[in-house]
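These numbers were taken from a predicted model, which means no experiment stands behind them. Each chain gets a letter, A, B and so on, in the order its sequence line appears, and its residues count up from 1.
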There are 2 protein chains.
Amino acid sequence: MPQDSRKQQGDTTRDTLIKTATRVFAELGYHGASTRAIAKAADVNQALIGYHFGGKEDLYQAVFVAIAEALEQRMTTRLEQLKVLLAEPDPAPEECLVALETFCGGLVELMLQPETEYWSQLILREQQHPGPAFDVLYERFMGRVLGITTRLVGHLRPDLQSDEVKTLVITVLGQILVWRFARTGIQRHMGWSSPDIEAIKHRVFTNIRLLLTKEPLE
Amino acid sequence: MPQDSRKQQGDTTRDTLIKTATRVFAELGYHGASTRAIAKAADVNQALIGYHFGGKEDLYQAVFVAIAEALEQRMTTRLEQLKVLLAEPDPAPEECLVALETFCGGLVELMLQPETEYWSQLILREQQHPGPAFDVLYERFMGRVLGITTRLVGHLRPDLQSDEVKTLVITVLGQILVWRFARTGIQRHMGWSSPDIEAIKHRVFTNIRLLLTKEPLE
DNA sequence: CTCGTTTATTTAATCGATTGATTAACTATG
DNA sequence: CATAGTTAATCAATCGATTAAATAAACGAG
């Protein structure tokens with residue numbers, strides 16, 4: 001690793017602090033994670049949090065901006081693909097279905113990646129008490145995912161009203177998100193050490209087709 | 001309100017502390033909720049937490065025992081109904097479906113009740129870092145719900161293997177649970193002040209029938 | 001019924017430890 | 001020497017826990 005020049009050293013410290021703080025905040029909670037614990041875990045002097053970010057609260061904000069950027073980066077390609085499809089005059093239903101499957105498959109993988117565990121913990125916490133950190137997350141990630149999938153499902157199910165489409169979208173996404181949010185309980189129930197991604201994907205794909213291709217029962 | 005006798009006063013203090021602590025722990029997190037803040041919110045002397053429970057950690061445990069008991073009480077009737085149905089030699093599929101719908105309908109109502117908000121926040125937190133508090137919750141509530149629904153779905157879908165049934169159950173429950181643990185994001189997306197319970201129920205019922213009555217696609 | 005005693009509960013005050021923040025001195029790069 | 005970054009030390013505030021004193025209901029003896 002090349003030795004940082006003095007000016008680059010500051011950026012390195014910032015990055016290290018954000019990365020470490022993501023983990024410590026997720027593990028101990030905002031109040032439980034002391035600036036000293038974060039600094040020690042990052043192998044950095046405690047006063048540097050104040051120097052680089054201003055204070056603990058500002059570091060917390062910086063963590064969420066970083067999470068939103070990372071999520072944005074991972075999903076932006078897939079979201080663009082859906083946008084392109086929806087830009088067509090009248091996309092074929094089967095094409096929409098495959099695109100939605102691909103998108104949801106990526107979401108399943110994202111939910112099951114170990115590295116997203118800290119993110120989900122922080123997002124869950126923040127969602128319970130929405131502050132400025134949640135606004136960043138919603139605008140840069142959640143809102144975009146919800147928006148594009150709603151448009152896609154709306155095209156697949158023209159028989160449904162606007163609110164009905166939204167409700168359906170939530171349930172479709174819910175069966176994916178649950179694998180992250182209820183992970184501990186699920187593991188205890190299924191007796192898995194690590195979840196079988198392909199099996200989950202297969203189930204989600206099947207469900208999507210059942211929920212979006214079948215005509216309403218009555 | 002009748003004046004408490006001296007002996008009853010202790011129990012009253014205990015109950016008040018648990019009820020208040022449920023809210024404060026949920027709002028501020030374990031570390032964020034100081035014993036002084038809890039005591040002040042409960043209008044009780046701070047030292048009484050130590051006197052009645054031993055310490056902060058013990059009060060936290062007591063909160064989860066109370067939550068588990070409340071959840072148990074609310075669901076035990078519905079769970080018994082399912083057990084009775086499953087005890088029959090060969091329950092009719094339609095009967096199983098209706099029973100599952102009824103059960104899931106109750107679950108939807110539970111998820112949307114304002115009073116369960118504190119519970120869900122605490123459960124989510126505890127699930128991320130499972131401790132003894134989570135054990136109580138799983139054994140008395142989650143495990144029983146998962147177990148009984150899995151048996152029911154297994155009977156409805158004899159074409160699926162054991163793990164496939166469990167996976168299907170998780171997705172079915174996930175589309176219900178999501179209304180609670182993604183509540184803030186959902187509200188922002190749907191622009192609701194308060195969710196339309198009947199619409200959600202209708203969607204969940206429709207989904208259940210689509211997912212559990214249709215034969216596998218291939 | 002009344003008094004003194006026991007018991008459970010409550011209270012204010014205080015303990016050492018830890019918190020986030022800040023300071024001034026220090027280091028190294030340009 | 002100027003600047004950006006780092007460091008150890010210290011600040012008042014707050015933390016959970018504990019203490020001894022205060023309060024009042026419960027109880028047995030007379």
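Taking atom OH of residue Y30(A) and atom P of nucleotide dC15(D), one finds them 14 Å apart after rounding to whole Å. Across the protein-nucleic acid pair, R14(A) atom CZ and dG5(D) atom C1' stand 13 Å apart, rounded to whole Å. Look at CG on D58(B): it is 8 Å from P on dA17(D), rounded to the nearest Å. To the nearest angstrom, P of dT9(C) lies 13 Å from CG of D15(B). Rounded to whole Å, atom P of dG16(D) lies 11 Å from atom NE2 of H31(A). L28(B) places its CG atom 16 Å from the C1' atom of dG16(D), with the value rounded to the nearest Å. Rounded to an integer number of Å, the gap from CG of L17(B) to P of dG16(D) is 13 Å. Going from atom NZ of K56(A) over to atom P of dT14(D) covers 15 Å, rounded to whole Å.
Within the 4.0 Å cut-off from OP1 or OP2 of dT14(D), not a single side-chain nitrogen or oxygen of S34(B) is found. Listed pair Q9(B) / dT10(C) meets the phosphate criterion, a side-chain N or O lying under 4.0 Å from OP1 or OP2. Contact check, T35(A) against dA21(C): no side-chain N or O comes under 4.0 Å of OP1 or OP2.
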Could you check L71(B) against R140(B) for side-chain contact (heavy atoms from CB on, under 4.5 Å), going step by step and ending with a plain yes or no?
CA-CA 8 Å; L71(B) 283 173; R140(B) 300 184 66 164; over 6 Å; no
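Below 30°, between 30° and 60°, or above 60°: for F25(A) and Y30(A) the angle between ring planes is below 30°, a parallel geometry.
Between E126(B) and Y138(B), the side chains place no donor N or O within less than 3.5 Å of an acceptor N or O (distance only, hydrogens not considered). Looking at Q127(A) and T184(B), their side chains never bring a donor and an acceptor atom within 3.5 Å of each other. Side-chain contact of Q113(A) with R180(A): a donor-acceptor pair under 3.5 Å is absent, judged by distance alone.
Between F103(A) and V145(A), some side-chain heavy-atom pair lies under the 4.5 Å cut-off.
Under the side-chain contact (heavy atoms from CB on, under 4.5 Å) criterion, R151(A) pairs with L86(A), I148(A), not counting sequence neighbours.
If you check every strand for non-hydrogen atoms under 4.0 Å, A33(A) touches sugar and phosphate atoms only.
Near DNA chain D, meaning a heavy atom under 4.0 Å away, the residues from residues 38-52 of chain B are Q46(B), A47(B).
Among dG16(D), dG5(D), dG20(C), the nucleotide with an atom closest to any side-chain atom of R36(B) is dG16(D).
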